[in-house]
Each structure stands twice: as structure tokens, then as C-alpha cells.
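Since the structure comes first, as C-alpha cells, the remarks are kept for the end.
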Amino acid sequence: MGIGGCVLLAALGAVLAFAVDWEPSGVNLHTVGWILLLAGLLGLLVNATVLRRRRYGGRVGPDEVVEERRYYE
């Protein structure tokens, strides 16, 4: 799931948790909303961590200098 999917999931969860007054029988929409909201935020956190590691080549911080040399024959 990408960043857009995580944001959509968090937004849908926030709507269900805070803006819905309708209560169907057998389902608590506020609880479902909180679960979706937390899942979306957790997905954003994991996605940001993965993107950071890809950006820095698996290293922890941006303080290392990478030099790329191309040799043409």
C-alpha cells in the first residue's frame, strides 16, 4: 500500500470515528473508524521508514557521501 492508500485509509477511519452518528446493529462504526485510522497512520510510518532506507541506500543517516563514477570504454 502506498502513501495515497494510507492517507485514504486514515481519512476514512477519521470520518467513521468522528463524523458518523449512524449505528447499525452489530457493528460499532466508531471502533472500526479508530482501527482504520490507526492502520493508516501505521502504514504511513512504515512507508516513510522504507522510503528513507531506500533513499539512503540502507544507511541510517544522510551524513555519508556517496560518489558514483562511470567509466566509458
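The chain is numbered in sequence order, starting from 1.
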Determine which pairs satisfy ring pair (Phe, Tyr, Trp, His ring centres under 6.0 Å) with at least one residue from residues 13-51, sequence neighbours left out, and list them in order. Phe18-Trp34
Shortest non-hydrogen contact from Gly43 to Cys6? C-SG, 3.4 Å
Could you tell me which residues satisfy side-chain contact (heavy atoms from CB on, under 4.5 Å) with Ile3, sequence neighbours excluded, listed by chain and number? Val7, Leu44, Asn47, Leu51
In terms of hydrophobic clustering (I, L, V, M, F, W, Y; side-chain heavy atoms under 4.5 Å; direct or indirect links), are Leu45 and Leu12 co-clustered? no
Run the side chain to side chain contact (heavy atoms under 4.5 Å, CB included) test on Leu36 and Val32 for me, step by step, so that the C-alpha distance in whole Å, both residues' side-chain angles and the decisive distance to 0.1 Å come before the verdict. CA-CA 6 Å; Leu36 291 177; Val32 172; 4.2 Å; yes
Flag yes if Ile35 and Val27 sit in one hydrophobic cluster, no otherwise; membership is Ile, Leu, Val, Met, Phe, Trp, Tyr, and two members link when side-chain heavy atoms are under 4.5 Å apart. no
Examine Val15 and Leu8 and state if one hydrophobic cluster contains both, with Ile, Leu, Val, Met, Phe, Trp and Tyr joined whenever side-chain heavy atoms are less than 4.5 Å apart. no
Once you round to the nearest 0.5 Å, how far does CG of Leu42 lie from CG of Leu38? 8.5 Å
